Q: 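Before we start, here is the structure in question, set down as structure tokens.
From a predicted model like this one, the values you see are computed outputs, not experimental measurements.
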Amino acid sequence: MRVSLSPLGAAAFRTAFDFGQREVAHWFPGHMAKGLKQMRASLRKVDCIIEIHDARIPLSGRNPLFQENLDVRPHLLVLNKMDLADTSKKWSILKQLERDGVKNVLFTDCLKQRDDSVKKIVPLVTELIHNAPRFHREEDRSYCLMVIGVPNVGKSSLINALRRTNLKKGKASRVGGEPGITKAVLTKIQVCERPLMFLLDTPGVLPPKIENIETGMKLALCGTILDHLVGEDIIADYLLFSLNRLQRFGYVEKYELEGPCDDIQHVLKCIAVKLGKTQRVKAITGIGNITIKMPNYSAAAYDFIRAFRKGELGKVMLDG
């Protein structure tokens with residue numbers, strides 16, 4: 001499968017990314033299947049659903065298994081990690097989401113100590129609940145919310161940010177940079193006193209199969225799929241292709257390259273040399289075995305991908 005690239009000032013770059021015969025690996029551990037089942041069973045207790053997703057891919061990879069749940073209750077979409085996203089096309093993204101039936105959207109940076117967008121969540125959720133029937137929960141004065149999303153988009157960070165903002169309390173959920181770190185299903189966590197509000201923290205649930213391989217690559221690039229299941233080599237190459245396509249050349253300055261480059265092997269070699277990442281390799285010659293130093297391409301790919309995920313290569317929007 002190949003993805004076309006418009007030729008806007010990028011004649012020297014690839015016009016398409018060749019995925020070859022690759023398929024994004026299935027990634028649906030047992031605790032995720034269990035989590036989805038329990039999520040459905042617990043909907044009776046829920047007043048509103050907060051879906052959280054990565055702001056760099058607002059249109060890609062939102063789990064279709066959630067959709068049947070979202071129609072039942074009021075729904076707020078939180079696009080997190082906005083500090084890493086190029087939000088210059090924010091309004092066109094919001095219009096696209098509205099066309100898809102998503103009307104309540106907030107951009108957040110949940111790791112920021114004081115994020116004004118996080119302050120808006122409780123009032124907005126309260127309004128959504130007041131404007132929708134609560135069915136059998138009409139008499140209950142406390143509100144119960146469910147937070148859902150694909151792995152590693154910041155569900156635990158959102159919960160901690162809500163507690164920090166509304167209760168002045170610290171962490172309630174473990175936060176990590178690896179997908180699938182929240183394994184305990186349906187823990188009840190208080191996030192507000194007035195009104196009394198609780199969240200059910202749930203593990204992210206990724207679809208068993210991603211039909212579109214480019215969507216899968218975007219998810220992998222943003223860290224929602226474990227790297228080794230896709231391969232750091234192809235993630236790094238797709239990252240380089242994406243940065244060049246978006247004309248985001250921050251990697252040139254960071255790694256002191258001579259200029260933008262479309263050859264991933266050359267880029268990784270330069271990164272390895274700059275970082276001093278080498279490995280000793282045995283070579284067979286006519287005079288016997290010798291040990292030579294080679295650039296460690298795997299270590300360079302690891303650094304390149306993580307620099308992107310930390311925002312060190314500039315803000316990007318992979319959708320739109």
Q: Grab the two heavy atoms, one from Cys48 and one from Ile129, that are nearest each other, plus how far apart they are.
A: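 For Cys48 versus Ile129, the nearest heavy atoms are CB-CG1, 3.9 Å.
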
Q: Could I get the full list of side-chain hydrogen bond (donor to acceptor under 3.5 Å, both in side chains) partners for Glu193, not counting sequence neighbours?
A: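 Scan of Glu193 (side-chain hydrogen bond (donor to acceptor under 3.5 Å, both in side chains), adjacent residues dropped) gives Gln190.
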
Q: Go through the steps for Leu76 and Ile49 under the test side-chain contact (heavy atoms from CB on, under 4.5 Å), then give the verdict.
A: CA-CA 6 Å; Leu76 171 64; Ile49 290 175; over 6 Å; no

Q: With clusters defined by side-chain heavy atoms of hydrophobic residues (ILVMFWY) lying less than 4.5 Å apart, directly or transitively, does Ile305 cluster with Leu257?
A: yes

Q: Tell me the closest heavy-atom pair linking Ile52 and Val153, and the distance in Å.
A: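 Heavy atoms of Ile52 and Val153 come nearest at O-CG2, 3.4 Å.
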
Q: Check step by step if side-chain contact (heavy atoms from CB on, under 4.5 Å) holds for Lys277 and Tyr297.
A: CA-CA 8 Å; Lys277 303 284 187 181; Tyr297 289 96; over 6 Å; no

Q: Taking all non-hydrogen atoms of both residues, which atom of Ala161 and which atom of Cys110 are closest, and how far apart?
A: CB-O, 3.6 Å

Q: Would you mind reporting whether Asn80 and His53 have side-chain heavy atoms less than 4.5 Å apart?
A: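 No, every pair of side-chain atoms sits at 4.5 Å or beyond.
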
Q: Hydrophobic clustering (ILVMFWY, side-chain heavy atoms < 4.5 Å, transitive) - are Leu196 and Ile121 grouped together?
A: no

Q: Grab the two heavy atoms, one from Ala236 and one from Ile264, that are nearest each other, plus how far apart they are.
A: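 Nearest heavy atoms, Ala236 then Ile264: O-CD1, 3.6 Å.
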
Q: Under the ring-ring contact (aromatic ring centres under 6.0 Å, His included) definition, can you give me all pairs with a residue in residues 242-290, not counting sequence neighbours?
A: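 Sorted result for residues 242-290: Phe13-Phe249.
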
Q: Contact between Pro195 and Val122 at the side-chain level, heavy atoms closer than 4.5 Å - yes or no?
A: yes

Q: To the nearest 0.5 Å, how far apart are OG in Ser117 and CE in Met82?
A: 5.5 Å

Q: Could you see if Leu145 belongs to whatever hydrophobic cluster contains Val102? Use Ile, Leu, Val, Met, Phe, Trp, Tyr and a side-chain cutoff under 4.5 Å.
A: no

Q: Heavy atoms, side chains only, cut-off 4.5 Å: are Asn104 and Leu77 in contact?
A: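 No; the side chains remain at least 4.5 Å from each other.
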
Q: Is Thr278 reaching over with its side chain to a backbone N or O of Met294, donor-acceptor style, under 3.5 angstrom?
A: no

Q: To which residues is Val273 joined in a hydrophobic cluster, defined by side-chain heavy-atom contacts under 4.5 Å among Ile, Leu, Val, Met, Phe, Trp and Tyr, whether direct or through other members?
A: none

Q: Can Arg14 and Asp237 be counted as an ion pair, charged N to O under 4.0 angstrom?
A: yes

Q: Determine whether the side chains of Thr224 and Asn152 contain a donor N or O and an acceptor N or O closer than 3.5 Å.
A: no

Q: What closest approach, in Å, do Phe241 and Ala16 show between heavy atoms, and which atom pair accounts for it?
A: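 Taking Phe241 first and Ala16 second, the nearest heavy atoms are CE1-C, 3.7 Å.
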
Q: Run the side-chain contact (heavy atoms from CB on, under 4.5 Å) check on Leu240 and Phe304 step by step: do they pass?
A: CA-CA 9 Å; Leu240 181 63; Phe304 188 38; 4.2 Å; yes

Q: Which atoms form the tightest heavy-atom contact between Cys144 and Leu200, and what is the distance?
A: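 Answer, listing the atom of Cys144 first, then Leu200: SG-CG, 3.9 Å.
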
Q: A cation-pi test, strictly: NZ or CZ of Arg306 under 6.0 Å from the centre of the six-membered ring of Tyr302 and no more than 45 degrees from its axis. Yes or no?
A: yes

Q: Mind checking whether Tyr238 and Leu221 have side chains closer than 4.5 Å, heavy atoms only?
A: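 The answer is yes, as the side chains (C-beta and beyond) meet within the 4.5 Å cut-off.
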
Q: Establish whether Leu84 and Met217 are linked, either directly or via other cluster members, by ILVMFWY side-chain heavy-atom contacts under 4.5 Å.
A: no

Q: Which value, rounded to the nearest 0.5 Å, describes the distance between Phe308 atom CZ and Cys222 atom SG?
A: 5.0 Å

Q: With side chains defined as the heavy atoms from C-beta onward, is the minimum distance between Leu243 and Leu246 less than 4.5 Å?
A: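 Leu243 vs Leu246: side chains apart.
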
Q: Taking salt bridge (Lys or Arg N to Asp or Glu O under 4.0 Å) as the cut-off, I'd like each qualifying pair that reaches into residues 84-107, sequence neighbours left out, listed once.
A: Asp86-Arg248

Q: How about Leu162 and Leu199: do any of their side-chain heavy atoms sit closer than 4.5 Å?
A: yes

Q: Give the C-alpha distance, both sets of side-chain angles, the deciding distance and a yes or no for salt bridge (Lys or Arg N to Asp or Glu O under 4.0 Å) between Arg309 and Asp227.
A: CA-CA 12 Å; Arg309 290 175 183 165; Asp227 291 344; 2.8 Å; yes

Q: Starting at CD1 of Ile234, measure out to CG of Asp18 and round the result to the nearest 0.5 Å.
A: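 That separation rounds to 8.5 Å.
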
Q: Do Asp83 and Lys81 make a side-chain contact, defined as non-hydrogen atoms from C-beta onward lying under 4.5 Å apart?
A: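 Yes, at least one pair of side-chain atoms sits under 4.5 Å.
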
Q: Distance from Ile292 atom CD1 to Gln279 atom CD, nearest 0.5 Å?
A: 10.0 Å

Q: OG1 of Thr165 to NZ of Lys120: how many Å apart, nearest 0.5 Å?
A: 13.0 Å

Q: Transitively linked via ILVMFWY side-chain contacts under 4.5 Å: Leu94 with Ile57?
A: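 Shared cluster, no.
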
Q: Taking the side chain as C-beta and beyond, is there a heavy-atom pair between Met146 and Ile50 under 4.5 Å?
A: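 Met146 vs Ile50: side chains apart.
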
Q: Please output the side-chain donor-acceptor pairs of residues 312-320 that fall under 3.5 Å, not counting sequence neighbours, one pair per line with the distance.
A:
| unit_1 | atom_1 | unit_2 | atom_2 | d |
| --- | --- | --- | --- | --- |
| Glu312 | OE1 | Lys254 | NZ | 3.1 |
| Asp319 | OD1 | Ser60 | OG | 2.6 |
| Asp319 | OD1 | Lys218 | NZ | 2.8 |
| Asp319 | OD2 | Leu59 | N | 2.8 |
| Asp319 | OD2 | Ser60 | N | 2.9 |
| Asp319 | OD2 | Ser60 | OG | 3.2 |

Q: Using the ring centroid of each side chain, check whether Phe17 and Phe19 are separated by less than 6.0 Å.
A: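 That pair passes the under 6.0 Å test.
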
Q: Asp109: which residues meet the side-chain hydrogen bond (donor to acceptor under 3.5 Å, both in side chains) condition with it, sequence neighbours left out?
A: none

Q: To the nearest 0.5 Å, what is the distance between SG on Cys270 and CG on Leu275?
A: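 Interatomic distance, Cys270 SG to Leu275 CG, rounded to 0.5 Å: 11.0 Å.
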
